[in-house]
**Student:** 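Okay, here's the structure, questions in a sec.
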Amino acid sequence: MVTGGSGLVGSALRHISGLELKHQYVFASSRDCDLTDYDSTLRYLREVAPGAVIHLAAAVGGLFKNMRRKADMFETNVRINMNVLRACHELGVAKVVSCLSTCIFPDEKTKTGQINETMLHAGPPHASNEGYAYAKRMLEVQSRCYREQHGRNYVCVIPTNIYGPHDNFHLDDAHVIPALIHKCYLAKQQGVPLVVAGSGAPLRQFIYSRDLALLLIWTLEHYDATNGDDPSTCAAGSLILSVDPADEISIAQVVRHIADAIGFDNDIVYDTAQADGQPKKTADNAKFKRLYGTESPFAFTSICRGIQETVQWFVQNYQDARK
Ligand code: NAP
Ligand code: GDP
């Protein structure tokens with residue numbers, strides 16, 4: 001079963017599950033079950049009786065939503081995670097793969113080098129997203145506690161900034177790529193400049209949702225919390241899923257890719273009165289590469305192609321897209 005089955009990553013998993021897969025997948029959205037309510041969660045999971053769960057459901061948003069709605073991001077995510085893991089345990093679900101994010105790492109660690117799985121709790125997160133970050137950190141703690149106390153195989157993946165078809169393209173609440181695709185699309189139609197929030201200087205690693213979907217299935221089938229790390233630490237059951245640090249790009253480069261994919265020739269203006277968020281949060285993907293193997297390494301979709309496919313999807317699905 002996939003919680004958050006109607007979202008960006010859930011839709012990518014649906015896309016992949018149309019291909020040949022070993023298992024049968026059930027995709028749940030908030031219409032099937034409100035995961036903030038424990039009784040509904042338990043009832044729904046009992047009905048589906050999954051052998052394993054990929055837990056994606058969450059209150060999600062970009063920098064500006066995280067800054068504006070800290071209490072909502074904290075409470076909703078704590079509730080959802082508490083209910084999903086507890087119900088899974090109660091019903092004897094053997095494996096749960098839950099989703100964290102590289103934006104929850106200690107701010108100080110992002111300034112001094114690359115972040116890795118051992119550092120998750122080694123200092124406070126960036127102030128802009130502390131509600132979301134602390135809720136997500138507790139999901140790692142909860143998964144680890146279930147492993148230690150009950151022997152459950154509950155693990156967490158840590159993706160970087162994700163984008164792709166079926167994203168949320170809301171102008172104020174979305175992450176940078178979908179928000180700017182929507183803004184650029186409207187600026188082209190209206191013949192006005194594209195206004196980008198912040199300086200364009202911050203650096204980010206981006207992962208295409210369909211790449212992440214393949215890696216989630218790989219994680220479900222191949223990644224357990226027994227890979228040489230001390231089982232009592234956060235590193236043991238956590239895995240960063242990311243492109244290489246060398247593939248980190250600036251927001252200004254992202255803007256260029258979006259403008260090219262949309263065919264946008266008007267001016268581009270950087271509104272430096274708006275927040276930049278973290279200057280960088282370079283994620284070290286060495287653990288993933290070691291476990292995935294070097295013989296036939298995972299081929300990540302280039303940012304150029306991923307943005308082209310996302311723009312194409314947005315333009316073709318403009319009426320129905322989340323925005
Ligand atoms: P998304 O597109 O916003 O989708 C969120 C999903 O959660 C939807 O299917 C939504 O269902 C479901 N959901 C929300 N509240 C719910 C509730 N109360 N009960 C049941 N379902 C509920 O999110 P996403 O971008 O795919 O993110 C997937 C996971 O990756 C999340 O855990 C997120 O924290 C993590 N992540 C995301 C990013 C990113 O850049 N997007 C980066 C790192 C990590 P409805 O459609 O019915 O509302
Ligand atoms: P983050 O990667 O967790 O910080 O989240 P985002 O995906 O929201 O990316 C935020 C970065 O993109 C910041 O440097 C913003 O200043 C920049 N940015 C530029 N324009 C936009 C926009 O329209 N929306 C968002 N969310 N960020 C933007």
**Student:** Would you please test Asn153 and Val96 for side-chain contact (heavy atoms from CB on, under 4.5 Å) and show each step?
**Tutor:** CA-CA 7 Å; Asn153 192 3; Val96 180; over 6 Å; no
**Student:** Quick check on side-chain contact (heavy atoms from CB on, under 4.5 Å): which of Leu180, Asn317, Ile177, Thr310 does Phe169 satisfy it with?
**Tutor:** Thr310
**Student:** Leu241: what forms a side chain to side chain contact (heavy atoms under 4.5 Å, CB included) with it, not counting sequence neighbours?
**Tutor:** Val157, Leu212, Leu215, Thr219, Leu239, Phe288
**Student:** Taking only Lys NZ, Arg NE, NH1 and NH2, and the carboxylate oxygens of Asp or Glu, determine whether Glu140 and Lys136 approach each other closer than 4.0 Å.
**Tutor:** no
**Student:** Would Lys188 and Asp265 pass as an ion pair if we require N to O under 4.0 Å?
**Tutor:** no
**Student:** At what distance, to the nearest 0.5 angstrom, does CG of Leu63 lie from CD of Gln278?
**Tutor:** 9.0 Å
**Student:** Charged N to carboxylate O under 4.0 angstrom, Lys65 versus Asp72?
**Tutor:** no
**Student:** Please say which of Leu220, Val48, Val2, Val93 ends up in a side-chain contact (heavy atoms from CB on, under 4.5 Å) with Val53.
**Tutor:** Val93
**Student:** For Tyr292 and Trp218, I'd like to know if the aromatic rings sit close, meaning centre-to-centre distance below 6.0 Å.
**Tutor:** yes
**Student:** Using a 3.5 Å distance criterion without hydrogens, assess whether the side chain of Asn266 forms a donor-acceptor pair with backbone atoms of Val192.
**Tutor:** yes
**Student:** Could you walk me through whether Asp260 and Arg256 pass the salt bridge (Lys or Arg N to Asp or Glu O under 4.0 Å) test, one step at a time?
**Tutor:** CA-CA 6 Å; Asp260 288 347; Arg256 213 42 275 160; 3.2 Å; yes
**Student:** Does the ring centre of Phe314 sit less than 6.0 Å away from the ring centre of Tyr185?
**Tutor:** yes
**Student:** Donor-acceptor check, side chain of Asp32 to backbone of Ser29, threshold 3.5 angstrom: yes or no?
**Tutor:** yes
**Student:** Does Pro245 offer a backbone N or O that forms a donor-acceptor pair with the side chain of Thr282 under 3.5 Å?
**Tutor:** no
**Student:** One thing to verify: whether Asp244 and Lys289 come together as a salt bridge, which I'm taking to mean a side-chain N less than 4.0 angstrom from a carboxylate O.
**Tutor:** yes
**Student:** Is the charged tip of Lys323 near the ring of Tyr318: under 6.0 Å from the six-membered ring centre and within 45° of its axis?
**Tutor:** yes
**Student:** Is it the case that the side chains of Asp34 and Ser40 hold a donor-acceptor pair, with the cut-off being a distance below 3.5 Å and no angle test?
**Tutor:** no
**Student:** For the pair Arg137 (side chain) and Leu120 (backbone), establish whether a donor and an acceptor sit closer than 3.5 Å, ignoring hydrogens and angles.
**Tutor:** yes
**Student:** Considering non-hydrogen atoms only, spot the tightest contact between Ala187 and Phe264 and give its length.
**Tutor:** CB-CE1, 3.6 Å
**Student:** Evaluate the criterion salt bridge (Lys or Arg N to Asp or Glu O under 4.0 Å) for residue pair Glu47 and Arg43; output intermediate values, then yes/no.
**Tutor:** CA-CA 6 Å; Glu47 238 172 68; Arg43 208 177 313 121; over 6 Å; no
**Student:** If you measure from the Lys or Arg side-chain nitrogens to the Asp or Glu carboxylate oxygens, is any gap between Lys111 and Glu108 under 4.0 Å?
**Tutor:** yes
**Student:** Tell me whether the rings of His166 and Trp313 are parallel (<30°), tilted (30 to 60°) or perpendicular (>60°).
**Tutor:** tilted
**Student:** Rounded to the nearest 0.5 Å, what separation is found between the CD atom of Gln205 and the OG1 atom of Thr102?
**Tutor:** 7.0 Å
**Student:** Do Ile217 and Leu291 sit in one hydrophobic cluster, given that two such residues count as connected whenever their side-chain heavy atoms are within less than 4.5 Å of each other, even indirectly?
**Tutor:** yes
**Student:** Could you verify whether a donor N or O on one side chain and an acceptor N or O on the other, from Arg322 and His170, lie under 3.5 Å apart?
**Tutor:** no
**Student:** Taking Tyr134 as the starting point, is it possible to reach Val141 by hopping between hydrophobic residues whose side chains are less than 4.5 Å apart?
**Tutor:** no
**Student:** Show your reasoning for whether side-chain contact (heavy atoms from CB on, under 4.5 Å) applies to Arg204 and Ile251.
**Tutor:** CA-CA 7 Å; Arg204 297 285 184 273; Ile251 299 299; 4.1 Å; yes
**Student:** Between Asp211 and Thr301, do the side chains contain an N or O donor and an N or O acceptor separated by less than 3.5 Å?
**Tutor:** yes
**Student:** Go through the steps to decide whether Lys280 and Glu248 satisfy the test salt bridge (Lys or Arg N to Asp or Glu O under 4.0 Å), and finish with yes or no.
**Tutor:** CA-CA 9 Å; Lys280 67 178 189 69; Glu248 189 174 52; 5.9 Å; no
**Student:** On the 0 to 90° scale, with breaks at 30° and 60°, tag the Tyr163-Phe206 ring pair as parallel, tilted or perpendicular.
**Tutor:** perpendicular
**Student:** Is there a donor-acceptor contact under 3.5 Å from the side chain of Lys287 to the main chain of Ser238?
**Tutor:** yes
**Student:** As a quick check of understanding, evaluate side-chain contact (heavy atoms from CB on, under 4.5 Å) for His126 and Cys103, giving each step before the final call.
**Tutor:** CA-CA 8 Å; His126 192 257; Cys103 72; over 6 Å; no
**Student:** Under a 4.5 Å side-chain heavy-atom rule over Ile, Leu, Val, Met, Phe, Trp and Tyr, are Met73 and Leu100 clustered together?
**Tutor:** yes
**Student:** So how far is it from Glu148 CD to Ser232 OG, rounded to the nearest 0.5 Å?
**Tutor:** 6.0 Å
**Student:** Apply side-chain contact (heavy atoms from CB on, under 4.5 Å) to residues Tyr38 and Glu90 and explain how you reach the verdict.
**Tutor:** CA-CA 12 Å; Tyr38 184 68; Glu90 190 149 333; 3.0 Å; yes
**Student:** Going by distance alone, is a donor N or O of one side chain under 3.5 Å from an acceptor N or O of the other, for Gln142 and Tyr154?
**Tutor:** no
**Student:** Hey, does Pro279 have a side-chain heavy atom less than 4.5 Å from the side chain of Pro202?
**Tutor:** no
**Student:** Just verifying a value: how many Å separate Asn81 CG and Leu139 CG, rounded to the nearest 0.5 Å?
**Tutor:** 4.0 Å
**Student:** Answer yes if Ile262 and Ile307 sit in the same cluster of Ile, Leu, Val, Met, Phe, Trp and Tyr residues linked by side chain heavy atoms under 4.5 Å apart, and no otherwise.
**Tutor:** yes
**Student:** Answer yes or no: is there a side-chain heavy-atom contact under 4.5 Å between Tyr208 and Ile162?
**Tutor:** no
**Student:** Do Ile207 and Leu216 share a hydrophobic cluster, counting only Ile, Leu, Val, Met, Phe, Trp and Tyr and linking them when any side-chain heavy atoms are less than 4.5 Å apart?
**Tutor:** yes
**Student:** To the nearest 0.5 Å, what is the distance between CG (Leu194) and NZ (Lys183)?
**Tutor:** 8.0 Å
**Student:** Does Asp276 form a side-chain hydrogen bond (donor to acceptor under 3.5 Å, both in side chains) with Ser199? I'd like the steps, not just the answer.
**Tutor:** CA-CA 7 Å; Asp276 261 348; Ser199 66; 2.8 Å; yes
**Student:** Could you tell me whether a side-chain N or O of Thr41 sits under 3.5 Å from a main-chain N or O of Asn83, the two making a donor and an acceptor?
**Tutor:** no
